[in-house]
*Asks:* 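Structure below; questions to follow.
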2 protein chains.
Amino acid sequence: MQENYQQKTLGILGGGQLGRMLIQSAINYNIDIHILDPDANAPCKAIAHQFTQGSLTDFDTVYSFGQACDVITIEIENVNTDALQKLADEGKEVFPQPHLIKLIQDKREQKQFYKEKGIPTAKFILTANKDEVIANADFLPAVNKLGREGYDGRGVQLLRTTADLEKAFEAPGLLEKLIDFDKELAVIVARNKRGELIAYPAVECAFHPTANLVEFLFAPATVSSEIEASAKQVALRVIESLDLVGILAVELFVTKGGDILVNEIAPRPHNSGHHTIEANFTSQFEQHIRAVMNMPLGNTELRSAAAMVNLLGEEGYTGDAIVEGLDDALAEKGVYVHLYGKKTTKPFRKMGHVTLLDEDLGQLKRRAMEIKEKIKIKA
Amino acid sequence: MQENYQQKTLGILGGGQLGRMLIQSAINYNIDIHILDPDANAPCKAIAHQFTQGSLTDFDTVYSFGQACDVITIEIENVNTDALQKLADEGKEVFPQPHLIKLIQDKREQKQFYKEKGIPTAKFILTANKDEVIANADFLPAVNKLGREGYDGRGVQLLRTTADLEKAFEAPGLLEKLIDFDKELAVIVARNKRGELIAYPAVECAFHPTANLVEFLFAPATVSSEIEASAKQVALRVIESLDLVGILAVELFVTKGGDILVNEIAPRPHNSGHHTIEANFTSQFEQHIRAVMNMPLGNTELRSAAAMVNLLGEEGYTGDAIVEGLDDALAEKGVYVHLYGKKTTKPFRKMGHVTLLDEDLGQLKRRAMEIKEKIKIKA
């Protein structure tokens with residue numbers, strides 16, 4: 001059988017850092033990458049085979065973009081799924097499938113899906129508007145989530161007490177029971193058209209001791225083998241229930257009672273999988289390519305314990321980005337810096353990430369915190 | 001100190017697979033890569049920030065190309081060094097230094113340099129022309145090497161007996177004693193402007209049992225720790241004696257008596273270092289970037305034993321390339337395929353390589369041979 005992956009064109013909706021890292025993998029397979037992104041200076045622009053500046057949510061733009069591609073995928077959820085569906089109906093390979101992107105775009109649809117399929121998730125109530133949220137004040141403490149168009153933390157409002165109720169969203173959403181979790185994990189899974197399924201080892205979020213902030217991510221997670229297995233099982237159940245082809249990042253809570261609850265899912269490479277580039281046998285980016293191009297899926301085992309620190313723009317700095325502290329970091333064994341090609345920084349903007357490899361978990365965590373202190377993105 | 005690597009432009013003379021893999025590394029550091037290559041379809045073209053089609057040996061072309069760059073380097077030796085020297089004189093950072101590229105371009109200069117610096121190498125006689133080779137028939141068995149413009153095996157003529165003498169080169173060259181070596185190794189070393197020096201673990205060539213052909217390369221080399229240390233030492237001595245900034249691949253013979261002799265050197269990433277992408281803490285490509293951009297050099301330790309198999313165009317096939325056997329290979333754990341973006345195949349053309357990771361050396365070698373049989377590039 002002749003595998004002609006390299007004679008195929010893969011179109012990616014979205015040209016940010018996720019697309020950039022997808023391109024770094026695709027280069028090895030002679031796959032031509034076409035990128036669509038509204039930003040003329042998108043991270044993918046210089047290295048894509050072809051770059052189109054345009055709106056990801058516009059029907060005509062997406063439909064027209066897809067014409068030159070054999071396979072189409074996404075690196076961001078907020079895309080026009082009607083255009084993708086038309087492309088799929090006309091014979092293009094679109095993964096993940098457009099109807100699944102559409103489902104995932106709506107958190108209300110997501111939660112109802114989990115409920116229908118018996119996938120464990122925090123209890124929730126659908127709310128049509130702010131009044132309905134207020135009417136369910138006894139459900140607090142809860143998280144008010146927007147149904148559609150919420151991403152990267154926006155569209156998620158913590159409502160601890162009735163005093164918070166005035167912050168509730170007007171638009172349709174849901175109220176989800178606030179989980180006093182023991183740990184927050186992520187498991188990335190993938191599935192190709194042949195039905196092959198894989199799961200990555202769980203990644204754990206390391207929280208600030210007092211503030212509710214994630215300092216860094218690390219793998220392997222410090223959980224029992226039963227919980228590791230449960231987490232993987234739940235994540236696999238989600239992708240199988242969806243019948244999704246592609247990659248799926250499943251964010252999970254481990255309750256104090258040891259139960260696994262699905263929090264959020266993303267049908268694309270994810271922040272919780274960046275360490276896989278150096279730490280696992282197959283990176284999530286390579287895996288995404290393999291899944292959508294119908295190549296065999298790759299081994300997901302860890303080669304080394306690893307931690308991943310996001311490099312966010314420093315508070316108080318906006319303008320041409322300067323990275324401080326790189327020299328010291330780069331001199332260390334097992335430190336891998338990834339800058340995302342973004343010329344301009346602004347507070348908290350994802351400008352890059354650093355992965356550390358270290359087999360000693362205590363040392364790994366200590367070094368992760370040091371790297372966080374050492375590398376600063378200013379202007 | 002603010003490290004502004006990402007605000008610098010690195011120009012690379014040569015746009016083949018070595019440049020392509022350099023770009024894959026440079027992406028992580030926001031370094032803009034400009035490529036110069038005579039081939040409009042060069043492997044680097046689609047992914048370079050800027051691609052210029054032009055001759056690498058033409059003074060004006062190279063000089064003009066360098067204007068837009070901060071740092072200039074090479075991925076092939078056959079370049080115009082006068083233009084590079086002018087660029088260096090005018091303040092551009094050119095690494096490796098032009099006079100060293102010029103020296104290395106001439107095998108006669110190389111060998112005399114080793115002799116002067118007491119670097120061990122096979123005995124040799126300089127020969128001005130074919131007559132002088134014939135006049136030294138008693139020096140046989142020997143290798144007749146062209147002084148200049150010999151590369152990739154051309155410009156190297158084996159002269160075992162007097163019957164072979166008629167194949168000797170007309171142009172100035174040298175006769176080098178044919179070494180009945182025990183092993184053929186390669187050690188890659190690097191040095192940056194700060195004077196930091198590193199050496200990679202030695203790589204060993206696995207030969208066909210009867211034909212004088214290298215089947216694959218593997219690391220770590222199966223040599224004693226003394227020979228490993230000697231090999232590294234000799235390679236480091238070469239780069240230090242040259243005072244070279246950049247990366248240097250040193251091909252060595254290990255004689256039956258356990259002595260190390262320098263065979264050839266290349267001041268750029270090398271075939272013998274491709275496995276380092278997955279097998280070592282820092283790849284040779286990343287290291288090259290670090291060396292010429294004056295970043296700290298990276299750790300060179302092996303993360304795993306590895307073998308590297310070149311994917312050469314199959315005999316009898318010329319035309320649009322098709323890769324057979326990929327599926328099976330990709331399904332295996334620890335198999336990494338790198339295709340070089342060359343649309344057209346021809347017999348023995350370097351179309352890609354495969355790296356295997358396996359801690360079991362016997363299994364590693366067996367799998368390397370299987371991969372060689374399995375993956376074929378046809379048309």
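Nothing here was measured: the structure is a model prediction, and the numbers come from that model. By convention in this document, chain letters (A, B, ...) are assigned in the order of the sequence lines, proteins followed by strands, and residues within each chain are numbered from 1.
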*Asks:* At a heavy-atom distance under 4.5 Å, which candidate from B:Q50, B:K376, B:R20, B:H49 has the highest pair count against chain A?
*Replies:* B:R20
*Asks:* Give a yes or no on whether the ring-centroid distance for A:H274 and A:F285 is below 6.0 angstrom.
*Replies:*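 Yes, the ring of A:H274 comes within the 6.0 Å limit of the ring of A:F285, centre to centre.
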*Asks:* Per the side-chain hydrogen bond (donor to acceptor under 3.5 Å, both in side chains) rule, what does the pair list look like for residues 314-323 of chain A, sequence neighbours excluded?
*Replies:* none
*Asks:* Pick one of side chain, backbone, both or neither for B:Y340, based on which atoms fall under 4.5 Å of a heavy atom in chain A.
*Replies:* backbone
*Asks:* Mind checking what makes side chain to side chain donor-acceptor pair (under 3.5 Å) contact with A:H288, not counting sequence neighbours?
*Replies:* A:T73
*Asks:* Is the shortest heavy-atom distance from the side chain of A:M293 to the side chain of A:Y29 under 4.5 Å?
*Replies:*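 Of all side-chain heavy-atom pairs linking A:Y29 with A:M293, none is under 4.5 Å.
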*Asks:* Does any non-hydrogen side-chain atom of B:R367 lie less than 4.5 Å from one of B:E332?
*Replies:*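 In short, these two side chains touch, coming nearer than 4.5 Å.
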*Asks:* Distance alone, cut at 3.5 Å: any donor-acceptor contact between the side chains of A:H338 and A:Q24?
*Replies:*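 Short answer, no.
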*Asks:* Mind checking which of residues 297-307 of chain A sit less than 4.5 Å from chain B, heavy atom to heavy atom?
*Replies:* A:L297, A:N299, A:E301, A:R303, A:S304
*Asks:* Using non-hydrogen atoms and a 4.5 Å limit, figure out which bit of A:K45 sits close to chain B: side chain, backbone, both or neither.
*Replies:*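 Neither part.
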*Asks:* For A:K193, enumerate each residue passing the side chain to side chain donor-acceptor pair (under 3.5 Å) test, keeping only those at least two apart in sequence or located in another chain.
*Replies:* A:E93
*Asks:* Under a 4.5 Å cutoff for heavy-atom pairs, which residue among A:I33, A:N28, A:T282 has the most contacts with chain B?
*Replies:* A:N28
*Asks:* Any sub-3.5 Å donor-acceptor pair from B:Q17's side-chain atoms to B:M351's backbone N or O?
*Replies:*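 Not at all, since once roles are kept as given, no pair shorter than 3.5 Å links the two residues.
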